[in-house]
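Order of listing sets the numbers, starting from 1, for every ligand and every atom in it.
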Amino acid sequence: MKEDNIFEVIIIGGSYAGLSAAMALGRSLRKVLIIDTNKPCNRQTPRSHNFITLDGKTPKEISTLARQQVEKYKTVSFYNDLAITGTKTKNGYNISTLSNKTFSAKKIIFATGIKDVMPNILGFAECWGVSIIHCPYCHGYEVRNEKTGILGNGDYGFEFSKMINNLTKDLTLFTNGKSTLTIEQTKKLTDHNIKIIETEIDRFEQENGYLKNILFKNGTKHSIKAVYSQVSFIQHSDIPEKLGCKLTEQGYIEVDAFQKTNIYGVYACGDNTTFIRSVANAVYAGNISGAMVNKELVEEKFK
Ligand SMILES: Cc1cc2nc3c(=O)[nH]c(=O)nc-3n(C[C@H](O)[C@H](O)[C@H](O)COP(=O)(O)OP(=O)(O)OC[C@H]3O[C@@H](n4cnc5c(N)ncnc54)[C@H](O)[C@@H]3O)c2cc1C
């Protein structure tokens, strides 16, 4: 393999987690390649919140600034492509991309994030990250005291209703079918003036991602400003699993406190490893994985 294609570390995914890992490694003079398709999960959201120093900036502003800062470290290179396969080699790993390039490195960091799977309700995908919200800490303050809904049922619907009740007193839980709340949960919600609507949803009426009404299958409608919802997800990349990395029951890449997977030399960080989904957490985990990969390289040299 050509010298140009050989690195100490390959980071797959160059968003918040990947760039944070790259900064720690660049500052340790490591020869690093970031392979990225530049499709972070929050790209549809108008403003990113709750990341200190950059609260309220657009997702793009945050990643552009991060990339500019990482680009200062001359041992870090970038390659815009989709990593599609990974194989174990004698000294580490080979990673191949969609455009048929192969790169090798001793260590791999997966900072590939997750892909949200939109439910099959018309209008939902357009509103995702704009007026349909996954996390109250990220976007709840902006819709405080507004007419708000929660799309959920059972324990999730109950727990989320309790939390959002602190942000608005005009709250409705939409169970989208028969409620699976317990009698006790139902009583607690109604005691706190949280309404429960079981009617099945037909679609979300919206303009440019901003909700106007929820239209129900029985022909009625409910005007609304914001809805909280959780969606299912899949891993963006199947390479970790194919290399033998264990996944948790929920589908995250299993890592220890130092972002190590069960496969030697393979690390993972950011959304692909945890339900704690925030820019701050991705940056933290990337930073740890960069430092730990550097440490592993140091230890190997002094063995
Ligand atoms: C709609 C929405 C709004 C959000 N709002 C906020 C907010 O206001 N505040 C906040 O703190 N958090 C927010 N979050 C959470 C935050 O965006 C994530 O926690 C964060 O983006 C995770 O960073 P990451 O680097 O792990 O993954 P991502 O940012 O998703 O980046 C993954 C990167 O890997 C690349 N990639 C994936 N697979 C491959 C491959 N095989 N080859 C090459 N490249 C690949 C992708 O293109 C992408 O660039 C929001 C999330 C969503 C979904």
Side-chain angles (χ1 to χ4, degrees), residues 10-22 33-64 66-67 70 78-86 95-99 101 103 108-118 124-143 209 227-243 252-253 255 259 267-287 289-290:
I10 293 175
I11 301 172
I12 306 177
S15 180
Y16 313 103
L19 287 169
S20 175
L33 177 68
I34 300 181
I35 304 174
D36 185 40
T37 44
N38 195 17
K39 288 209 167 70
C41 62
N42 61 349
R43 60 190 181 280
Q44 189 164 295
T45 213
R47 305 258 157 207
S48 175
H49 292 279
N50 205 31
F51 182 46
I52 199 110
T53 72
L54 295 171
D55 183 43
K57 298 285 179 197
T58 67
K60 187 85 192 146
E61 280 172 324
I62 301 175
S63 57
T64 302
R67 175 146 174 175
V70 173
F78 294 84
Y79 191 68
N80 193 322
D81 205 349
L82 181 74
I84 51 170
T85 56
I95 298 291
S96 298
T97 69
L98 192 62
S99 67
K101 279 261 192 181
F103 302 98
I108 307 291
I109 300 177
F110 288 98
T112 37
I114 52 172
K115 183 175 163 48
D116 295 305
V117 180
M118 297 293 111
F124 188 103
E126 289 83 349
C127 296
W128 180 240
V130 182
S131 57
I132 298 186
I133 302 170
H134 79 293
C135 158
Y137 298 102
C138 298
H139 305 290
Y141 185 84
E142 282 60 46
V143 290
V227 165
Y228 291 85
S229 175
Q230 280 204 331
V231 295
S232 57
F233 74 90
I234 53 168
Q235 286 286 334
H236 248 149
S237 171
D238 63 359
I239 307 173
E241 217 181 336
K242 287 193 171 150
L243 285 175
Y252 296 107
I253 302 170
V255 287
Q259 307 300 136
Y267 288 67
C269 54
D271 276 9
N272 59 9
T273 60
T274 176
F275 72 94
I276 301 171
R277 198 175 193 195
S278 69
V279 172
N281 195 59
V283 167
Y284 158 80
N287 182 266
S289 65

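Of all non-hydrogen atoms in Ser289 and Cys269, the two that sit nearest each other are OG-SG, 3.5 Å. When all heavy atoms of Val70 and Leu19 are compared, the closest pair comes out as CG2-O, 3.4 Å. Here the shortest heavy-atom pairing between Ile11 and Ala111 reads CG2-CB, 4.3 Å. Taking both residues in full, the closest heavy atoms of Tyr228 and Pro136 are given as CE2-CA, 3.7 Å, listed atom of the first, atom of the second, then distance. Of all the heavy atoms in Cys41 and Ile114, the pair that sits closest is CB-O, 4.2 Å.
Heavy atoms of Gln44 found under 4.0 angstrom from ligand 1: none, in either backbone or side chain. Under 4.0 Å from ligand 1, the heavy atoms of Ala111 that appear belong solely to its backbone. The parts of Ser48 lying near ligand 1 are both backbone and side chain, judged by heavy-atom distances below 4.0 Å. When heavy-atom distances to ligand 1 are checked against a 4.0 Å cut-off, Thr97 has no atom that comes that close, whether in backbone or side chain. Of the heavy atoms in Phe51, none comes closer than 4.0 Å to ligand 1.
Atom 23 (O) of ligand 1 has Ala282 CB, 3.5 Å as its closest protein atom, hydrogens excluded (heavy atom only). Atom 30 (O) of ligand 1 has its closest protein heavy atom at Cys41 N, 3.0 Å. The single protein non-hydrogen atom nearest to atom 42 (N) of ligand 1 is Ala83 N, 2.9 Å, given as residue, atom name and distance. Considering only non-hydrogen protein atoms, atom 50 (C) of ligand 1 sits nearest to His134 CE1, 3.2 Å.
Using a distance-only test at 3.5 Å, with no hydrogens or angles considered, no donor-acceptor pair links the side chain of Gln44 to the main chain of Gly129. Side chain of Arg43 to main chain of Lys39: a donor-acceptor pair is present (N/O by atom type, distance under 3.5 Å, no hydrogens or angles). Checking side-chain atoms of Arg47 against main-chain N and O of Lys57 turns up no donor-acceptor pair under 3.5 Å. Checked by atom type and distance alone, the side chain of Thr274 never pairs as donor or acceptor with a backbone atom of Gly270 at under 3.5 Å.
Listed by number with element, the atoms of ligand 1 under 4.0 Å from a non-hydrogen atom of His49 are 7 (C), 8 (O), 9 (N), 10 (C), 11 (O). When each atom of ligand 1 is checked for a heavy atom of Asp116 under 4.0 Å away, the hits are 53 (C). Ligand-side atoms of ligand 1 in range of Gly270: 26 (O), range being under 4.0 angstrom from any heavy atom. Counting atoms of ligand 1 from 1 in the listed order, those under 4.0 Å from a heavy atom of Gly113 are 27 (O), 32 (C). Ligand 1 places these atoms under 4.0 Å from at least one heavy atom of Gly129: 1 (C). Heavy-atom proximity to Lys39, at under 4.0 Å, picks out these atoms of ligand 1: 46 (C), 47 (O), 48 (C), 49 (O). Here is the list of ligand 1 atoms found below 4.0 Å of a heavy atom in Ala17: 25 (O), 26 (O). Using a 4.0 Å cut-off to heavy atoms of Ile12, the atoms of ligand 1 that qualify are 40 (C), 42 (N), 43 (C).
Compare Asp271, Ile132, Leu19, Leu82 by their heavy atoms: the one nearest to atom 22 (C) of ligand 1 is in Asp271. Closest heavy-atom approach to atom 43 (C) of ligand 1 among the candidates Asp81, Thr112, Val231: Asp81. Between the choices His139, Arg277, Glu142, Gln235, the shortest heavy-atom distance to atom 5 (N) of ligand 1 belongs to His139. For atom 36 (N) of ligand 1, the nearest non-hydrogen atom from the set Thr37, Thr85, Ile84, Leu54 belongs to Thr37.
A donor-acceptor contact under 3.5 angstrom links the side chains of Asn272 and Thr112, judged on distance only. Tyr16 and Asn42 are linked by a side-chain donor-acceptor pair at a separation below 3.5 angstrom, with hydrogens and angles left out of the test.
The shortest heavy-atom distance from Asn50 to ligand 1 is not under 4.0 Å.
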| Residues Gln235, Ile253; criterion side-chain contact (heavy atoms from CB on, under 4.5 Å); working and verdict | CA-CA 9 Å; Gln235 286 286 334; Ile253 302 170; 3.8 Å; yes
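Comment: Asp36 does not engage Arg67 in a salt bridge, judged by the lack of any side-chain N to carboxylate O separation of less than 4.0 angstrom.
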